[in-house]
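Working notes, beginning with the structure itself.
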Amino acid sequence: MDLRSEKIQRILSKYKFHDVAVEELQKIYRIYPEMLPSTGTYTFSDNTQKDLLKLIGNVPVNYGGRSYNIPIQLWLMDSFPFTPPICLLRPTSNMVIREGKHVDKEGRLHLPGLHNWDYPKSTVVGLLTEMISKFEEDPPLSSKTTVDNKDPHELQAFVSNLQINDGERTHDQQNIKVSVIGGGDLGMSSVMSILSKCKVDKLVFIDVAESSTKGGSTDLEIFSLPKVEVSKDLSASAGSRVVVVTANSWSSEQSYASVVQNNVDMYRGIIPTVAQLSPNAVMLIASQPVDIMSHVAWRQSCLPPTHVIGAGCNLDSERLSHILDINLNTHKPAWVIGELSDNKVAVMSKTGHSSNVQPEIAAGSSSTKPLLDRAFEMMKNRGQRSWSVGLSIADITNSILTNKMKTHSVSTLAQGWGGIGAEVFLSLPCIMGTNGSMRLAGVSLGQEEDSKLRESVTSLSNLISQLRI
């Protein structure tokens, strides 16, 4: 694949995983040489734009004894190949899109391989193979003279879920290790809650010197709790299944950006080392501000985005579901999403607690809003105390260790969800298991809720741009 053009080189140089992306592109060319690279500006549904690489070509399809070339284009996100491409049909002037199970009326493809993208198990080569198979079952295009006359039905906006790991791996069930990095009340609360909630063989508590939230390690050494190892060396975390980071480095700096920068600088001495020592771990961030620090940890760790999450709005979500269930008798899960700030909003599940199907977020409606608003009002003045957050962290950790596949609202890479074009971390409902997080598909929110999310995207983007990560 010829990637030597100035435009392609300029855009490709901005890709976060440049070398891996180039290697994947060459693999695609060897199997599908007709898929050619190009550049363009992709416009997301929130009208933000980004210069990206795209692949344009035809895939061969056999249908009814005849061969057809289906024109497609694949937009590659700047976190490719860890993020799935946006796949679109390119109908010619004499073709019409046939809306169906895997194709919406705009020509965007919604294949299982995109929904469950899991690099390196998932690749564009495999995706194209799946695409051909689905197209042969149900052709996505037809000529204008044979177009199906059925009325199109509205499809909810689909956003592909990130499900990324480093391939199949089996875990030694006799070596379940969790590390908590950062002392103080939250670190201690996390340790005690994880010991109570989770079945672990070893829990390592590392009280880092750079953190301003210190304390607890000496008491743990004095009273010598079973399964707990106290250390000041990051190497003690090696081989962890989950790494919880609670460390904060507060200072008397004048500006908020300067205060956050201190945390970022501290993380630079922690995150890359921890990621190298436990490359298969899920990193759970509880430092503040959690959405920013989760984003920073992802950037510094070079781990897949599904393996770096923040505690985010999980505590608020559990409280909200409890109030709706006990006080308001709804018996449906609900989640608080967005930034951990006044801009967070509530959404509800389509299905009840006892349903065996994968949960889906219900679109914003006038019927659910009053109920959610009332529950939100009942939640007021319930602060996020250290012991409460510690319990929330333990609950997320337990879902990961036991592969529970429970839906938590955790801070995760939100790019692509609900048309969000910016690279930001927000709390979104994610199914949590051994291989990390898998986002639920996005939906249309109410005007007020959507406005709050967009405001958070802007403010978080502005802050992250000021930081030296």
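Quantities reported herein were computed from a predicted structural model and do not represent experimental measurements. Numbering starts at 1 and runs along the sequence shown.
Side-chain contact between L55 and L76: present, with at least one pair of heavy atoms (C-beta onward) separated by less than 4.5 Å. Side chains of M77 and L52 form a contact here, defined as non-hydrogen atoms less than 4.5 Å apart. The shortest side-chain heavy-atom distance between L220 and M192 falls under the 4.5 Å cut-off. In this structure, the side chains of I285 and Y267 come closer than 4.5 Å at one or more pairs of heavy atoms. I337 is listed as a side-chain neighbour of W417, based on a closest heavy-atom distance under 4.5 Å. In this structure the side chain of S189 never reaches within 4.5 angstrom of the side chain of V389, judged on heavy atoms. Contact check for L111 versus C87: no side-chain heavy atoms found under the 4.5 Å cut-off. Taking 4.5 Å as the limit, every side-chain heavy atom of N263 sits out of range of all side-chain heavy atoms of V296.
Here the closest non-hydrogen pair linking S301 and V308 is OG-CG2, 3.7 Å. Minimum heavy-atom separation, P333 to M348: O-CG, 3.6 Å. Contact detail for V204 and K177: the closest heavy-atom pair is CG2-CE, 3.6 Å. Of all heavy-atom pairs between L445 and D450, the closest is CB-N, 4.1 Å. Considering all non-hydrogen atoms of both residues, D185 and S386 come closest at CB-OG, 3.5 Å. The two residues S190 and V180 make their nearest non-hydrogen contact at CB-CG1, 4.3 Å.
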Report task. Go through the steps to decide whether E423 and R299 satisfy the test salt bridge (Lys or Arg N to Asp or Glu O under 4.0 Å), and finish with yes or no. Result -> CA-CA 11 Å; E423 182 192 288; R299 289 258 200 102; 2.8 Å; yes

Query raised in the report: Are Q300 and V264 close enough, and set up right, to give a side-chain contact (heavy atoms from CB on, under 4.5 Å), and what steps lead you there?
Result: CA-CA 9 Å; Q300 292 179 345; V264 174; 3.9 Å; yes

Query raised in the report: Does the pair K452 and E455 meet the rule for a salt bridge (Lys or Arg N to Asp or Glu O under 4.0 Å), with working shown?
Result: CA-CA 5 Å; K452 286 184 176 181; E455 187 178 329; over 6 Å; no

Query raised in the report: Is there a side-chain contact (heavy atoms from CB on, under 4.5 Å) between S427 and K344 once you walk through the steps?
Result: CA-CA 9 Å; S427 284; K344 58 193 176 186; over 6 Å; no

Report task. Before giving the answer on salt bridge (Lys or Arg N to Asp or Glu O under 4.0 Å), spell out for D78 and K16 the whole-Å C-alpha distance, their side-chain angles and the decisive distance to 0.1 Å. Result -> CA-CA 6 Å; D78 58 6; K16 299 178 181 64; 3.1 Å; yes

Query raised in the report: Yes or no on side-chain contact (heavy atoms from CB on, under 4.5 Å) for I469 and I464, after CA distance, side-chain angles and deciding distance?
Result: CA-CA 8 Å; I469 296 177; I464 205 76; 3.9 Å; yes

Report task. Apply side-chain contact (heavy atoms from CB on, under 4.5 Å) to H295 and L460, showing your working. Result -> CA-CA 10 Å; H295 194 165; L460 290 170; over 6 Å; no

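Under a 4.0 Å N-O distance rule, the pair D51/K14 does not qualify as a salt bridge.
There is no side-chain donor-acceptor pair under 3.5 Å between D233 and S231. With hydrogens and angles left out, the side-chain atoms of Q261 and D265 include a donor and acceptor closer than 3.5 Å. With no hydrogens or angles considered, no side-chain donor-acceptor pair links S237 and S179 at under 3.5 Å. With 3.5 Å as the limit, one finds a donor-acceptor pair spanning the side chains of N314 and S392.
In this structure, D342 places its CG atom where only 12 or fewer heavy-atom neighbours from other residues, nucleotides or ligands lie under 6.0 Å away.
Although no hydrogens or angles enter the test, the distance criterion places no donor-acceptor pair under 3.5 Å between the side chain of S409 and the main chain of W335. When atom types are taken as modelled, the side chain of S79 and the backbone of F82 share no donor-acceptor pair closer than 3.5 angstrom. Distance alone, capped at 3.5 Å, is enough to place a donor-acceptor pair between the S459 side chain and the S456 backbone.
Here N398 contributes atom CG and N403 contributes atom CG; the two are 11.0 Å apart, rounded to the nearest 0.5 Å. We find the CG-CG distance between L225 and D219 to be 10.0 Å, quoted to the nearest 0.5 Å. Distance check, rounded to the nearest 0.5 Å: CG of L88 to NZ of K54 gives 9.5 Å. Within the model, atoms OG1 of T129 and CD1 of I31 stand 8.5 Å from one another, a figure rounded to the nearest 0.5 Å. L340 CG to Q288 CD: the interatomic distance, rounded to the nearest 0.5 Å, is 6.0 Å. Atom-to-atom distance recorded for T306:OG1 and Y119:OH is 13.0 Å, nearest 0.5 angstrom.
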